[in-house]
Trainee: 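Please find one structure pasted underneath; my questions will follow.
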Amino acid sequence: MIGVFDSGVGGLSVHRALVQRLPQADFTYLADQANAPYGVRTGEDIVELTKAGCVRLFERGANLVVLACNTASAIALRRLQQTWLPGYRKAIGRPVNILGIIVPTIEKATGLPWEHEAERRGEMVQALDILGVFATQATVRSRVYEIEIDKRKQDLAVFSEACPGLVPLIEGDASVVEIAKAVEGHVQALKTRIGRHPDRVVLGCTHYEIIADIFRAALPAGTPLIQQPAATAEGLALYLERHPEYDPGTGASRVFLTTGTPGPQNGLVQSFWGAPLAFEAA
């Protein structure tokens, strides 16, 4: 079984793409709504909450957990993989792993494999392309997109814009007008910092995929949005081909859990999902 973890409902955008790519696999989705949003929390908080979410999913039988959260992927993933998972695997006696969404996103943004390293050409590189990243405060503070893209592609300049308050608006079922006003403000702020609009955009928070159409309307017509869900789904499928020790299951089961208040989700989320959606207590 595959676990999908997010601080809230944003990861449903990734979950939907995973289900479409792997329709026979068994999935359990866990939203840590009791502790959302993660973007305003300290790094230690994010690491501990992410670890707790992964443990819940592993205890329910997951072999793999996909962190459908940029903040958790940026802040917690590497540390958990390096310092916690080896001992945890030994303790439970079976193979388990945690994957993130930033690696496939950066591969998509650069058109290059993660292992690629750019030839260093000094400080006089003229950036030909500008990538805008809209993300939470914690993801922006980590500078993960700037650092990892610069390692691979020196002619792609990255500008990240923190969007505080946007996740609570989405989780709280705010009106389209209210959300659009907030998004327009963030788009304009990024344009002011760059001096022009970016050539391409990453919605660096899976919550933002739910309101992708609002971002499209605020950006110049035709601005490409790099789709994290599709990139993550393709990356997971390739990973499973290379690692048959992780069994995704064949029963096509779908379980939705929350650490918050169980029951139906808000209208904005259900409209995005395309059907009524109720979460069980984790």
Trainee: Determine whether more than 12 heavy atoms belonging to other residues, nucleotides or ligands lie under 6.0 Å from atom CD of Glu245.
Mentor: yes
Trainee: Hey, is the main chain of Gly251 close enough, under 3.5 Å, to the side chain of Asp26 for a donor-acceptor pair?
Mentor: yes
Trainee: Salt bridge or not for Glu234 and Arg21, using N-O below 4.0 Å?
Mentor: yes
Trainee: Could you grab the distance from atom CZ of Phe256 to atom CG of Leu30, nearest 0.5 Å is fine?
Mentor: 12.0 Å
Trainee: So which heavy atom on Pro276 is nearest to which on Gln270, and how close?
Mentor: CA-OE1, 3.5 Å
Trainee: In Å, rounded to the nearest 0.5 Å, how long is the span from NZ of Lys151 to CD1 of Ile106?
Mentor: 9.0 Å
Trainee: For the residue pair Glu107 and His116, confirm or rule out a side-chain donor-acceptor distance under 3.5 Å.
Mentor: no
Trainee: Using the salt bridge (Lys or Arg N to Asp or Glu O under 4.0 Å) rule, take Lys181 and Glu184 through it: C-alpha gap first, then chi angles, then the decisive distance, then the call.
Mentor: CA-CA 5 Å; Lys181 183 177 180 181; Glu184 287 163 6; over 6 Å; no
Trainee: I need the Arg216 CZ to Thr223 OG1 distance, nearest 0.5 Å.
Mentor: 10.5 Å
Trainee: State, without any angle test, whether Tyr208 and Asn70 hold a side-chain donor-acceptor pair at a distance under 3.5 Å.
Mentor: no
Trainee: Would Phe58 and Tyr88 count as a close aromatic pair, with their ring centres under 6.0 Å?
Mentor: yes
Trainee: Is there a donor-acceptor contact under 3.5 Å from the side chain of Asp129 to the main chain of Leu156?
Mentor: no
Trainee: Regarding Ser7 and Gln33, is there a side-chain donor-to-acceptor distance under 3.5 Å anywhere?
Mentor: no
Trainee: Relative to the ring of Phe279, is the ring of Tyr29 parallel (under 30°), tilted (30 to 60°) or perpendicular (over 60°)?
Mentor: tilted
Trainee: Under a 3.5 Å cutoff, is there a donor and acceptor pairing between the side chains of Tyr38 and Asp32?
Mentor: yes
Trainee: So, taking the atom named CD1 in Ile102 and the one named CD in Gln228, what distance separates them when rounded to the nearest 0.5 Å?
Mentor: 7.5 Å
Trainee: Salt bridge or not for Arg79 and Glu44, using N-O below 4.0 Å?
Mentor: yes
Trainee: Is it the case that the ring center of His186 lies less than 6.0 angstrom away from the ring center of Phe215?
Mentor: no
Trainee: Considering only NZ, NE, NH1 and NH2 on the basic side and carboxylate oxygens on the acidic side, decide whether Asp150 and Arg152 come within less than 4.0 Å.
Mentor: no
Trainee: Trp84 ring centre to Arg89 NZ or CZ under 6.0 Å, with the angle to the axis within 45°?
Mentor: no
Trainee: Kindly indicate whether a cation-pi arrangement holds for Arg16 with Phe272, taking the cut-offs as under 6.0 Å to the six-membered ring centre and within 45° of the axis.
Mentor: yes
